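Input: a single structure, listed below in structure tokens.
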Number of protein chains: 2
Amino acid sequence: MFIVEGHKHMADVGFARFSAREVSKRIGYSIGTLYNVFGTYDHLIIAINTRTFTLWTDYLREALGRGEEDRIRTLVEAYFGFARANRHAWMAIYDHHLPPDLEFPPEDHALRGLLTDIVVDEVRAFLPPSCHEEAARLARSLVATVHGHCMFELNGSFALMGESEGMALALARVRENLEAARANC
Amino acid sequence: MFIVEGHKHMADVGFARFSAREVSKRIGYSIGTLYNVFGTYDHLIIAINTRTFTLWTDYLREALGRGEEDRIRTLVEAYFGFARANRHAWMAIYDHHLPPDLEFPPEDHALRGLLTDIVVDEVRAFLPPSCHEEAARLARSLVATVHGHCMFELNGSFALMGESEGMALALARVRENLEAARANC
DNA sequence: AAGTGAAATTGATCATCGATCAATTAAAAA
DNA sequence: TTTTTAATTGATCGATGATCAATTTCACTT
């Protein structure tokens with residue numbers, strides 16, 4: 001329950017104001033118990049961020065499950081939709097950096113990879129079978145593209161540039177890249 | 001000198017371990033003087049990050065000034081090149097979020113906008129005159145695309161996905177998007 | 001019921017942080 | 001020199017991540 005309450009606290013105040021003490025206080029445990037469970041502050045954050053990934057993955061699956069015609073659009077809009085609806089928790093994923101001495105827990109890695117898998121599947125479904133091999137790399141690249149647009153929208157970079165339609169731009173770029181892939185394999 | 005030394009400290013230890021006290025100590029002033037100059041921690045970080053933007057802009061200009069044939073490639077590689085050579089300082093730009101009550105200083109905004117201007121100019125130069133109008137939006141979008149790839153490379157997301165050629169992917173996507181723009185206006 | 005020991009929990013304690021501001025020092029003006 | 005203004009200081013505050021000896025809890029044995 002540390003993770004659930006920690007995730008709520010993260011969603012409430014964001015990475016910069018997040019506090020392990022506050023989490024333990026909220027849940028009625030002492031700070032010592034929290035440290036006995038997670039060992040370090042970083043491991044708590046990792047667990048909370050992995051939970052965000054899981055919720056995000058569910059969000060994408062549900063959106064795709066609604067049976068919309070344009071699944072690529074659905075994917076991009078759900079990517080943005082979750083980030084917008086969970087600003088602080090979503091940003092915390094990228095605000096947190098592992099110390100060099102700490103290795104990423106394999107089980108967290110596996111859970112987070114499920115999100116990429118969804119995108120790979122959809123990219124494959126969109127492209128002809130001859131593209132099957134390169135689809136994974138393209139999918140990772142498109143995730144990075146959409147991520148860049150989503151980040152610029154949420155952190156205000158687009159607003160400072162006078163751009164208000166970050167999601168539309170992301171979708172347009174993805175469409176162009178998918179069409180280029182279709183033509184080249 | 002607070003900014004120069006603060007920038008060095010940021011480059012050394014990164015956003016998470018950055019300390020205003022350490023900056024003032026390094027430069028031989030008290031913590032009080034630093035706060036008299038910048039008012040808040042956030043304003044110090046903004047000033048340091050704007051310096052990073054300025055160095056980054058100079059880096060891009062110098063790369064373009066070397067007279068390479070493929071200016072788009074030069075731009076993407078210099079984008080990555082600066083980020084790789086200044087990991088901590090570059091990441092700090094996106095690690096820092098303005099508190100909602102704090103407005104972004106206009107002079108910092110102007111300085112940071114120069115980087116976007118460079119990209120807009122190069123995109124315009126690449127596209128036919130008929131694209132002149134949409135070039136600015138496309139340029140912002142391409143910056144977001146490259147940013148997403150650069151971020152995934154530096155924060156280890158690409159590595160976790162088994163992807164080691166983030167920069168090549170970014171350049172490939174940008175090329176596809178530019179060709180699509182050429183065909184559509 | 002009483003006793004035993006492992007496991008879980010506690011919170012005082014430490015160093016450090018961002019922030020404040022009365023007091024002090026330095027510089028400029030009269 | 002005296003007065004006024006500006007710049008600088010660092011002790012102080014509340015809060016944080018982290019530690020760990022002391023305490024409590026609880027299942028198991030006798």
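Small disclaimer: the values here were computed from a predicted structure and weren't measured. Chain letters run A, B, ... following the sequence lines, proteins first, then strands; residues in each count from 1.
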- Task: Please check the phosphate of D/dT8 (OP1 and OP2 only) for any side-chain N or O of B/Thr33 closer than 4.0 Å.
- Result: no

- Item | Ring-ring centroid check A/Tyr29 A/Phe2, cutoff 6.0 Å | yes

- At under 4.0 Å, does any side-chain N or O of A/Tyr29 touch on OP1 or OP2 of C/dT10? no

- Minimum side-chain heavy-atom gap A/Ile45-A/Phe18 below 4.5 Å: yes

- Query: Within 45° of the axis and under 6.0 Å from the centre of the six-membered ring of B/Phe104, does NZ or CZ of B/Arg112 qualify?
  - Reply: no

- Tell me which of A/Lys25 and A/Gly32 sits closer to the 5' end of DNA chain D, going by the nucleotide each one is nearest to. A/Lys25

- Query: Does anything in residues 5-23 of chain B reach DNA chain C, meaning a heavy atom under 4.0 Å, and if so which residues?
  - Reply: B/Phe18, B/Ser19, B/Ala20, B/Arg21

- Step by step, would you call B/Leu169 with B/Arg173 a side chain to side chain contact (heavy atoms under 4.5 Å, CB included)? CA-CA 6 Å; B/Leu169 289 181; B/Arg173 298 294 83 72; 3.9 Å; yes

- Query: More than 12 non-hydrogen atoms from neighbouring residues, nucleotides or ligands closer than 6.0 Å to CZ on A/Arg84, yes or no?
  - Reply: yes

- Item | Rounded interatomic separation in angstrom, taking CG from B/Leu34 and P from C/dC21 | 17 Å

- Task: For the pair A/Ser24 (side chain) and A/Arg21 (backbone), establish whether a donor and an acceptor sit closer than 3.5 Å, ignoring hydrogens and angles.
- Result: yes

- Query: B/Asn36 CG to C/dA22 C1': how many Å, rounded?
  - Reply: 13 Å

- Of residues 39-48 of chain A, the positions that come close to DNA chain C - non-hydrogen atoms, cut-off under 4.0 Å: none

- Task: Using the side chain to side chain contact (heavy atoms under 4.5 Å, CB included) rule, take A/Arg73 and A/Glu68 through it: C-alpha gap first, then chi angles, then the decisive distance, then the call.
- Result: CA-CA 9 Å; A/Arg73 170 188 286 274; A/Glu68 302 277 348; over 6 Å; no

- Item | From C/dT9, C/dT20, C/dA12, nucleotide with atom closest to A/Ile31 side chain | C/dA12

- Query: Roughly how many Å is it from CG in B/Leu102 to C1' in C/dA19, rounded to a whole number?
  - Reply: 15 Å

- For the ring pair A/Tyr59 and A/Trp56, is the centre-to-centre distance below 6.0 Å? no

- Please state whether the phosphate of D/dG17, meaning OP1 or OP2, lies under 4.0 angstrom from any side-chain nitrogen or oxygen of A/Tyr35. no

- Task: Kindly say whether B/Glu153 contributes a backbone atom to a donor-acceptor pair with the side chain of B/Ser157 at under 3.5 angstrom?
- Result: no

